[in-house]
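Protein chains get the first letters and strands the later ones, always in sequence-line order, with residue 1 at the start of each.
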Protein chains: 2
Amino acid sequence: MSSQFSITDAAKACKQASLRIAQLTNAEKNSVLEDIAKAIIAHSDAILDENQKDIDAGKVKGLSNAMLDRLLLTPERIADISDAIIDITRLDDPTGSISNLALRPNGIQVGKMRIPLGVIAMIYEARPNVTAEAAALCLKSGNGVVLRGGSEAIHSNKAIARCIGLALKQHSINQEAVLIVPDTSRAVINELLTLRQSIDLVIPRGGEGLINFVTDNSAIPVIQHFKGVCHLFVDKFANLDKALNLLINGKTQKPSACNAIETLIVHQDIAEQFLPIVAASFAEKGVKVHACDKSLPFFQGAELATDQDYDAEYLDDEIAIKVVNSYESAIDHINQFSSDHTEVIVTQDTSRAQQFVRRINSSVVMVNASSRFSDGGQLGLGAEIGISTSRLHAYGPMGLEALTTEKFVVFGDGHTR
Amino acid sequence: MSSQFSITDAAKACKQASLRIAQLTNAEKNSVLEDIAKAIIAHSDAILDENQKDIDAGKVKGLSNAMLDRLLLTPERIADISDAIIDITRLDDPTGSISNLALRPNGIQVGKMRIPLGVIAMIYEARPNVTAEAAALCLKSGNGVVLRGGSEAIHSNKAIARCIGLALKQHSINQEAVLIVPDTSRAVINELLTLRQSIDLVIPRGGEGLINFVTDNSAIPVIQHFKGVCHLFVDKFANLDKALNLLINGKTQKPSACNAIETLIVHQDIAEQFLPIVAASFAEKGVKVHACDKSLPFFQGAELATDQDYDAEYLDDEIAIKVVNSYESAIDHINQFSSDHTEVIVTQDTSRAQQFVRRINSSVVMVNASSRFSDGGQLGLGAEIGISTSRLHAYGPMGLEALTTEKFVVFGDGHTR
């Protein structure tokens with residue numbers, strides 16, 4: 001390929017190829033995915049060699065150890081990637097069935113059929129496993145896919161792309177159905193975001209800067225995942241044993257996850273009972289506390305919480321605490337600082353539980369359950385292509401169905417209006 | 001109001017007010033709508049006076065008679081607007097119910113609850129009835145609404161807004177929940193399109209220029225309705241009586257509608273039988289024909305069709321005709337020229353009908369039924385806020401449900417991960 005790469009031409013070819021993908025049966029799509037999984041194992045050595053180039057370049061660039069670890073592939077990790085693709089073959093095909101076929105008073109039968117979106121573009125950073133998984137999820141849901149990974153993983157991504165291309169070729173499917181963008185410049189993103197004739201959806205995965213940039217500059221619909229400032233509200237009617245378990249699980253099981261608890265809200269009527277237990281547990285686990293004036297005395301060495309703290313996604317052993325004087329104040333605090341990710345109430349009172357579920361409109365609202373369940377796999381979606389914290393099209397963890405839409409189907413027998 | 005209007009501040013206030021709207025029960029929302037309907041009747045005279053100002057200004061501006069007619073209100077038309085609001089009270093509330101509450105292997109119960117989107121902005125042209133109907137549909141689905149109508153109807157829109165404001169006040173609801181933008185400059189649209197913290201969805205209704213402008217410049221999700229280039233494919237296994245009825249109904253019942261037929265595709269095996277009948281009927285009805293080389297000899301005075309014709313939304317007694325040599329060619333032609341609105345096959349063959357429904361992914365796909373049924377009311381949506389020809393969030397005619405989304409709800413009993 002000596003000629004200049006054009007994202008406009010490549011995306012057009014991907015759109016054309018996606019028409020074929022949309023017509024494959026579930027068995028055909030699974031067969032393609034199985035062959036991709038096999039090709040990745042068969043070419044492990046080549047993938048590892050290319051990954052080494054990325055790792056070497058990353059060291060020269062001075063990437064952090066955490067970044068290098070995310071970039072690194074090993075034989076085990078390659079096997080995991082291959083297994084994840086096989087897992088996707090076991091999911092139900094979301095497309096093709098017709099629902100709610102109803103006879104209308106005008107005599108026609110009207111139903112809806114679920115269909116692929118068309119072409120989905122993913123813009124993401126240095127995780128080569130995303131390349132394979134996103135391709136598999138998009139193919140399984142009948143879509144073409146444009147994958148624009150970061151420069152850090154470009155050799156690994158291209159090596160995985162070659163495996164995908166081989167499998168597509170085996171099935172006589174145009175390889176452009178899975179387009180790995182070889183150009184890692186910012187300019188290619190700018191151009192990509194104008195291509196609304198060829199690309200139906202953009203999913204950026206990365207920091208807030210990337211997501212804001214894509215949102216502000218895209219003529220194509222964007223699914224956003226800004227951040228997770230998840231709240232745990234311990235109501236005055238809470239069972240405090242359950243509350244402590246949910247707090248410790250939510251905050252400390254995996255603090256780096258977007259579904260970790262970042263703010264604890266405590267009803268003042270149980271604050272004196274509950275906060276000392278929390279303080280002992282946080283001291284033991286080494287959780288740093290930013291406390292409101294009412295809770296500050298309970299936590300040795302804590303700092304006074306500011307609005308910045310209530311807005312913060314710590315992603316670490318660190319938490320903001322707020323004592324509220326009423327149920328209403330808890331709702332108000334959450335509505336003010338919500339990131340529309342996940343909020344939890346701990347209460348034994350059914351009315352207050354029911355009200356919480358009705359009044360908090362974050363994408364996942366829980367009663368007496370850990371925020372850590374806010375995940376596609378845990379919620380029953382099978383696999384997750386991302387989480388949406390904006391309300392259009394999909395809201396919350398996104399599975400295969402979020403990569404589809406519904407068209408109307410109408411059956412008549414010569415009916416006219 | 002002597003102070004400067006700020007769309008940023010007004011939209012923020014609308015967002016705040018929308019939290020209250022989202023919490024109203026169906027009975028409360030219906031009561032508000034009934035009072036809006038009453039207020040519009042009670043203030044008919046004032047609305048007619050203000051409408052006269054718009055009509056006078058329109059005449060000075062030299063608006064076409066068609067435009068002036070769309071702008072004109074009469075006592076009957078005001079009664080229709082009021083009745084349409086009452087009709088909306090009779091629709092089911094799309095929000096609040098929880099569906100598919102399933103017990104997961106991890107012990108938690110997971111379901112989805114339908115909720116309002118938040119704030120919806122409509123940008124539209126000179127039809128004062130849209131002001132009242134859009135406000136009613138958004139309120140009924142629990143949303144706040146920003147209405148930015150054109151300058152031609154500004155006096156009428158403000159008069160209707162005062163009626164809506166009176167009804168909201170009666171129910172102690174902040175009047176900013178229904179925001180009629182008093183500024184009709186293009187600059188206010190530019191600013192509005194950046195307000196993604198306050199506005200969740202933009203629906204432009206108007207010409208292709210407006211829709212392209214909004215799509216290319218909006219940081220907020222946009223629902224697009226570009227155009228309707230609807231195809232009628234008469235297969236070789238068609239019943240020709242039904243085919244003629246569907247063609248005449250689709251093309252001539254209301255040529256100005258977006259669901260009118262713009263292109264007729266005929267299988268060559270029945271072309272010699274069918275086209276003379278079509279030609280006779282079109283001659284009688286005065287339909288102008290742009291025909292392909294194979295069909296041209298059948299139509300006296302017809303012009304040779306170009307790709308521009310196959311791409312045209314005539315919205316008039318005018319049609320493009322194409323004879324195809326196979327079923328495949330018909331599918332290819334539709335996929336190439338589709339506007340993703342509505343396509344119809346006429347056939348008695350079940351396999352070919354089934355394939356058509358599977359392979360054509362326009363928003364409405366029909367078998368042996370008139371394209372004129374492609375309308376929210378006819379398809380059973382109750383009312384229609386618009387039609388989407390893009391696949392994200394909503395596709396095809398949009399009813400109340402398209403103004404909502406779903407959040408996850410999770411119930412546990414202290415479950416942790």
Side-chain angles (χ1 to χ4, degrees), chain A residues 19 22-23 96 102 104 106 108 110 113 115-118 194 196 200-201 215-216 219 221-222 239 241-242 245-246 249 253 335 357-359 361-370 372-374 378-380 390-393 395-397 405-417, chain B residues 19 22-23 96 102 104 106 108 110 113 115-118 194 196 200-201 215-216 219 221-222 239 241-242 245-246 249 253 335 357-359 361-370 372-374 378-380 390-393 395-397 405-417:
Chain A
L19 295 178
Q23 297 308 319
R104 298 280 311 144
N106 51 25
I108 57 175
V110 179
M113 184 190 276
I115 59 170
L117 286 175
T194 66
R196 60 182 161 90
D200 298 278
L201 173 65
T215 303
D216 288 334
V222 180
N239 173 312
D241 291 339
K242 287 178 196 167
N245 282 337
L246 293 172
N249 189 250
Q253 194 212 12
N335 276 335
V357 166
R358 173 96 171 103
R359 294 180 61 185
N361 278 338
S362 297
S363 60
V364 184
V365 184
M366 299 183 165
V367 177
N368 297 332
S370 172
R372 294 277 299 123
F373 287 118
S374 189
Q378 296 292 325
L379 295 178
S390 52
R391 296 185 182 190
L392 262 285
H393 188 70
Y395 196 35
T405 190
E406 285 184 311
K407 69 182 175 193
F408 287 88
V409 291
V410 175
F411 300 98
D413 187 21
H415 288 79
T416 55
R417 188 168 165 191
Chain B
L19 295 179
Q23 297 308 318
R104 297 280 312 144
N106 51 25
I108 57 175
V110 179
M113 184 190 276
I115 59 171
L117 285 175
T194 66
R196 60 180 160 93
D200 298 276
L201 173 64
T215 303
D216 288 334
V222 180
N239 173 313
D241 290 337
K242 289 178 195 167
N245 283 336
L246 292 172
N249 188 250
Q253 194 213 12
N335 277 334
V357 166
R358 174 97 169 103
R359 294 180 60 184
N361 278 338
S362 297
S363 60
V364 184
V365 184
M366 298 182 166
V367 177
N368 297 334
S370 171
R372 293 278 299 124
F373 286 119
S374 188
Q378 296 292 326
L379 296 178
S390 52
R391 295 184 183 191
L392 261 285
H393 189 70
Y395 196 35
T405 188
E406 284 184 313
K407 69 182 173 192
F408 287 89
V409 291
V410 175
F411 301 96
D413 188 21
H415 289 78
T416 54
R417 190 169 162 188

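Residues satisfying the side chain to side chain donor-acceptor pair (under 3.5 Å) criterion with A:Gln378, sequence neighbours excluded, are B:Asn106.
Contact of B:Ile108 with chain A is made through the side chain alone, with heavy-atom distances under 4.5 Å. Contact of B:Val367 with chain A is made through backbone and side chain together, with heavy-atom distances under 4.5 Å. If you measure heavy-atom distances from B:Ser374 to chain A, you find no contacts under 4.5 Å at all. For B:Ile115, the part sitting under 4.5 Å from any heavy atom of chain A is the side chain, from C-beta outward, and nothing else. Only the side chain of A:Asn249 comes within less than 4.5 Å of a heavy atom of chain B; its backbone N, CA, C and O stay farther away. Both the backbone and the side chain of B:Arg358 have a heavy atom closer than 4.5 Å to some heavy atom of chain A.
Across B:Met366, B:Glu406, B:Met113, the residue that shares the most heavy-atom pairs under 4.5 angstrom with chain A is B:Met366. The greatest number of non-hydrogen atom pairs below 4.5 Å with chain A, out of B:Ser363, B:Pro397, B:Gly118, is found for B:Ser363. Ranked by heavy-atom pairs under 4.5 Å with chain B, the first of A:Asn335, A:Val357, A:Asp200, A:Asn239 is A:Val357. If you tally non-hydrogen atom pairs under 4.5 Å between each of B:His393, B:Gln253, B:Arg359 and chain A, the highest count goes to B:His393. When each of B:Asn245, B:Asn361, B:Leu19 is scored by its heavy-atom pairs under 4.5 Å with chain A, the top score falls to B:Asn361. Listed options A:Thr194, A:Asp216, A:Asp241, A:Val222 were ranked by heavy-atom pairs under 4.5 angstrom with chain B; first place goes to A:Asp216.
Of the possible donor and acceptor atoms, none in the side chain of B:Lys407 sits under 3.5 Å from a partner among the backbone N and O of A:Arg391. The backbone N or O of A:Leu201 lies less than 3.5 Å from no partner atom in the side chain of A:Arg196, so there is not a single donor-acceptor pair.
Here B:Leu392 contributes atom CG and A:Leu117 contributes atom CG; the two are 5.5 Å apart, rounded to the nearest 0.5 Å.
Taking both residues in full, the closest heavy atoms of A:Leu246 and A:Ala369 are given as CD2-C, 3.5 Å, listed atom of the first, atom of the second, then distance. Closest approach of B:Pro116 to B:Thr405, counting heavy atoms only: O-CG2, 4.2 Å.
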Under 3.5 Å, sequence neighbours excluded: what are the donor-acceptor pairs made by side chains of residues 408-417 of chain A?
| residue | atom | partner | partner atom | Å |
| --- | --- | --- | --- | --- |
| A:Asp413 | OD1 | B:Lys242 | NZ | 2.6 |
| A:His415 | ND1 | A:Asp413 | N | 2.9 |
| A:Arg417 | NH1 | B:Arg372 | O | 2.7 |

